[in-house]
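Worth knowing before you read on, the calculation uses all heavy atoms, side chains too, and leaves out hydrogens, waters and symmetry mates. In the text below, chain A, chain B and the rest are named by the order of the sequence lines, each starting its count at 1.
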Protein chains: 2
Amino acid sequence: MLLAQGEERKSEIDVLGIVIADDQDRERTWLRELLTKHLSIHTSIFEAEDGQKALELVREHKPPVVFLDIEMPKLSGIKSAESILKELPQTGVIILSNHSDEIFVRKLWKLVPPDGAFGYVLKDSTDQQVIDATKAVLGGDCWIHPRIQRIIRRTENGATGLTDAEFEVLVCIAIGFTDKATARRLYITEKAVQARLKCLYTKLGIPIKGASEEDEYNHRCRALNLSFRRGLINRAELADWEEQVW
Amino acid sequence: MLLAQGEERKSEIDVLGIVIADDQDRERTWLRELLTKHLSIHTSIFEAEDGQKALELVREHKPPVVFLDIEMPKLSGIKSAESILKELPQTGVIILSNHSDEIFVRKLWKLVPPDGAFGYVLKDSTDQQVIDATKAVLGGDCWIHPRIQRIIRRTENGATGLTDAEFEVLVCIAIGFTDKATARRLYITEKAVQARLKCLYTKLGIPIKGASEEDEYNHRCRALNLSFRRGLINRAELADWEEQVW
DNA sequence: AACACGTTTAGGGTGAACCCCAGGTCACTT
DNA sequence: AAGTGACCTGGGGTTCACCCTAAACGTGTT
């Protein structure tokens, strides 16, 4: 889980191939040039501008490591990672994201096999950090950005980390469902939905009614606000959830 | 309002100075190099990594055009633009954003003087589009990305564009306030809040109760969902609204 | 075996959030 | 002067979303 600090041994990375997936030209160019500086000459870099193509390139070349941006057309980086890890579990996936949304951490955490190596780099990371992450993943270790590590700790804390059950109802109220509609969707009773919601509100730190000051907040909307700001909800996911038939 | 198509006259831009503000090194580098190619030799480019510094550079050099990223530390691009346009209204502001959020369009629309020139470029724009925008703004015209133009049309449409009153209550329910708390905050009655909300729901296209199928949606949360996806609400703004004392 | 924990389900109560209808002000247009 | 549109306010009603307490189940821990 820890990172290999930049050991000064000329830092040359010697692998067969690497796949880079990002929909923005400029990001790909930057990363390609950065990697080229540190790779041996006979390494090929393959580029994809969407998740679908990334998946195909990985199938074709079976690289030890693949860089995935999260926001991509056709197939998101997370979904690509899911397919990749299902077919080739030993692939080292390095997520390269703009945002530190908790939801991505949640998803990824379930995707990666216990002994798998993966990386999580934010786009404001330094060049050195990206190189460190690449080396770590190639060596079978994980490299996770400090900000992401903080989020992981939060999800693992019993008092603040949401269970799957709580997350399910959060998704439903984020779509805008009533309790009744949510119950129908999840095949549970309305009372169960409310019980889950109550836990959710507590974990998000919403003050219970009657406590201290006047009841200033609508719990349901307040939960959406806090979830939003924690990155448990975001625009892309909202659109995604509604499309699905479940 | 229209753009000057790339007239092939060697495209050299001759101005005294240009300010670029973006918190990401790579974006600044890209833009600087792009502009350098098209600028005359004796033009200086000044760079800022946050909104505060951008403001100071503009005050110092009074450039005819300034590029502003929206997401920046200390002072957002929008707020920088507000200060800049208040002090030096003839400055050509070009917003360079990752996102096409309706809220930014709303804000900017009120900031720019009627006869002012400004640009709105998205980060997936082509190099040519950025150059076109720069030329247009220098020439006193506006250049607005097609996707942004669509949004502007939506805000101007009476059936879908929100009034200031409706937007105010939207902000309040996004924070998570109850109707009562909202009424207190806006110095109106609870009934007035509900009247505004009713209009809001209609404009967002939420089906009224009793219509067609069963009542599937919680209007309040559904409104947040739709507003979120329209870009009327986003994470940065949520945090911002709550900090303010109003 | 005893315990904690997450989860489901229940009954019963309150207030918030929504519905419709109607009357009123104000600014701007015709 | 009449009309239009956006907004505030009121009364009166229904439903939804929350509160409390309590019982029961399975799982994994001690």
Check whether more than 12 heavy atoms from other residues, nucleotides or ligands sit under 6.0 Å from atom NZ of B:K107, and answer yes or no. yes
Over its full length, what angle do the end axes of the helix from C:dC3-D:dG28 to C:dA22-D:dT9 make, each axis taken from five pairs and the result rounded to 10 degrees? 50°
Identify each atom pair where a protein N or O and an N or O of nucleotides 22-24 of chain D are less than 3.5 Å apart, giving names and distance.
none

Without swapping roles, check the side chain of B:E166 against the backbone of B:T163 for a donor-acceptor pair under 3.5 Å. yes
Only one of A:I233, A:D101, A:N225 clears side chain to side chain contact (heavy atoms under 4.5 Å, CB included) with B:R235; which? A:D101
Would you indicate, yes or no, if D:dC19 has its OP1 or OP2 atom less than 4.0 angstrom from a side-chain nitrogen or oxygen of A:K198? no
Could you tell me the separation between the CZ atom of B:R222 and the C1' atom of C:dC18, rounded to a whole number of Å? 17 Å
Search all heavy atoms of B:D22 against all heavy atoms of B:M72 and return the closest pair with its distance. N-SD, 3.8 Å
N/O (side chain, A:H219) to phosphate O (OP1/OP2, C:dA16) under 4.0 Å: no
Expressed as a whole number of angstroms, how long is the span from A:I173:CD1 to D:dC18:C1'? 12 Å
Please confirm whether the backbone N or O of B:I144 pairs with a side-chain atom of B:Q149, one donor and one acceptor, at under 3.5 Å? yes
What's the verdict on salt bridge (Lys or Arg N to Asp or Glu O under 4.0 Å) for B:D23 and B:K74, showing C-alpha distance, side-chain angles and the deciding distance? CA-CA 10 Å; B:D23 58 333; B:K74 293 187 188 175; over 6 Å; no
Rounded distance (Å) that lies between atom P of C:dA16 and atom CZ of B:R220: 11 Å
Using salt bridge (Lys or Arg N to Asp or Glu O under 4.0 Å), reason through A:R196 and A:D164 one step at a time and then give a plain yes or no. CA-CA 10 Å; A:R196 289 185 181 187; A:D164 289 343; over 6 Å; no
Does the B:T160 side chain pair with the main chain of B:R154, one donor and one acceptor, at a distance under 3.5 Å? yes
Verify the contact: side-chain N or O of B:N218 to OP1 or OP2 of D:dC16, cut-off strictly under 4.0 Å; return yes or no. no
Using a 3.5 Å distance criterion without hydrogens, assess whether the side chain of B:R147 forms a donor-acceptor pair with backbone atoms of B:L122. no
Tabulated below should be each protein N or O lying under 3.5 Å from an N or O of nucleotides 3-13 of chain D; please produce it.
| unit_1 | atom_1 | unit_2 | atom_2 | d |
| --- | --- | --- | --- | --- |
| D:dC7 | OP1 | B:T163 | OG1 | 2.9 |
| D:dC8 | OP1 | B:R196 | NE | 3.3 |
| D:dC8 | OP1 | B:R196 | NH2 | 2.3 |
| D:dC8 | OP2 | B:R196 | NE | 2.7 |
| D:dT9 | OP2 | B:T189 | N | 2.7 |
| D:dT9 | OP2 | B:T189 | OG1 | 2.8 |
| D:dT9 | O5' | B:T189 | OG1 | 3.3 |
| D:dG11 | O6 | B:K191 | NZ | 3.1 |
| D:dG12 | O6 | B:K191 | NZ | 2.5 |

Using whole Å, report how far CG of A:L200 lies from P of C:dG6. 14 Å
Rounded to whole angstroms, how far apart are CG on A:L197 and C1' on C:dG6? 15 Å
Has the side chain of B:R222 got a donor or acceptor atom that lies under 3.5 Å from a matching backbone atom of A:F177? no
Roughly how many Å is it from CD in B:E216 to P in D:dC16, rounded to a whole number? 12 Å
Round to a whole Å and report the spacing from NZ of B:K180 to C1' of C:dA17. 12 Å
Flag yes if more than 12 heavy atoms outside B:K203 fall under 6.0 Å of its NZ atom; otherwise flag no. yes
